[in-house]
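Notes follow once the structure below has been shown.
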Amino acid sequence: LSTITETHGDSPDQSKWLSTKKVPFMTPDGDTVIVGISIDISDIKLAEEQLKATNNYIDSIINSMPSALLSINKNFSITKWNKKAEKYYSLSADKTKSRYLPEVIPGMKPFMGEISRCLETGTPCFLPKQSVSTPDGTAYEEVTVYPLTGKHIEGVVIRVDDVTEH
């Protein structure tokens, strides 16, 4: 059994995506032939392309923010980590994905109760300004926690601003 995904058509506007499954088959007289079935998966491919474009657009918005932004799910596992967060915490998004928030940012541990309340009540919360040690000395940050509001989505977005110079 083999599956091939391919396009057919004279131009990109008129082409179709097909998923073709092929199997060898022995005829009653002993000949081996290939039998196949093709399914038009053009709508699925279009939906995949639109989903990729939407994800790229959302990532672009998140990465254009001047604040460190991260999102966590109801289990406090990191789901998003923008470029500013990568720079601010010196950790790539790949190294933080699906990890427990206080494990990645130990300074958040004292605020887990407040973050949990924000998640439960759907109300934003503003954490007290805190000092953090950096290689350059002491820095001050403000943290705001915003609940996600989409249907069937449980989590929060955490915004961290370095306010050392303010």
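Computed from a predicted structure; not experimentally measured. Start at 1 with the first residue, then count along the sequence.
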Tell me whether I34 at atom CD1 has more than 12 heavy atoms from other residues, nucleotides or ligands lying less than 6.0 Å away.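 Count over threshold, so yes.
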
Counting only heavy atoms from other residues, nucleotides and ligands, does the tally under 6.0 Å from CG of N55 exceed 12?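 Yes, enclosed.
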
Would you compute the distance between atom NZ of K52 and atom CG of D59 and round it to the nearest 0.5 angstrom?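 One gets 13.5 Å once the value is rounded to the nearest 0.5 Å.
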
Find the distance between OG (S98) and CD1 (I78) and round it off to the nearest 0.5 Å.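 Here the rounded value is 9.0 Å.
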
Using a 4.5 Å cut-off on heavy atoms from C-beta on, say whether the side chain of [Y] contacts that of [X].
{"X": "S116", "Y": "F76", "result": "yes"}
{"X": "I153", "Y": "N73", "result": "no"}
{"X": "I115", "Y": "L101", "result": "yes"}
{"X": "S71", "Y": "V156", "result": "no"}
{"X": "T144", "Y": "I158", "result": "no"}

Shared ILVMFWY cluster between L91 and V160, side chains joined below 4.5 angstrom?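 Yes: a chain of side-chain contacts under 4.5 Å links L91 to V160.
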
Once the angle between the rings of W81 and Y89 is folded into 0 to 90°, is it parallel (under 30°), tilted (30 to 60°) or perpendicular (over 60°)?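 If you compare the ring of W81 with that of Y89, the planes turn out tilted.
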
Would you say the side chains of K16 and S42 form a donor-acceptor pair under 3.5 Å?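 S42 and K16 do not have a side-chain donor-acceptor pair below 3.5 Å.
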
Salt bridge between E120 and R117, side-chain N to carboxylate O under 4.0 Å?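 Not counted as a salt bridge, because no side-chain N and carboxylate O are separated by less than 4.0 Å.
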
Whether K83 and E86 form a salt bridge (side-chain N of Lys/Arg under 4.0 Å from carboxylate O of Asp/Glu) is what I want to check.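 Counted as a salt bridge, because a side-chain N and a carboxylate O are separated by less than 4.0 Å.
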
Applying the side-chain hydrogen bond (donor to acceptor under 3.5 Å, both in side chains) criterion to S67, which one of K84, R159, E141 satisfies it?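 The side-chain hydrogen bond (donor to acceptor under 3.5 Å, both in side chains) with S67 is passed solely by R159 among K84, R159, E141.
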
Verdict with reasoning, T27 to D29, per side-chain hydrogen bond (donor to acceptor under 3.5 Å, both in side chains): CA-CA 5 Å; T27 63; D29 60 354; 2.4 Å; yes

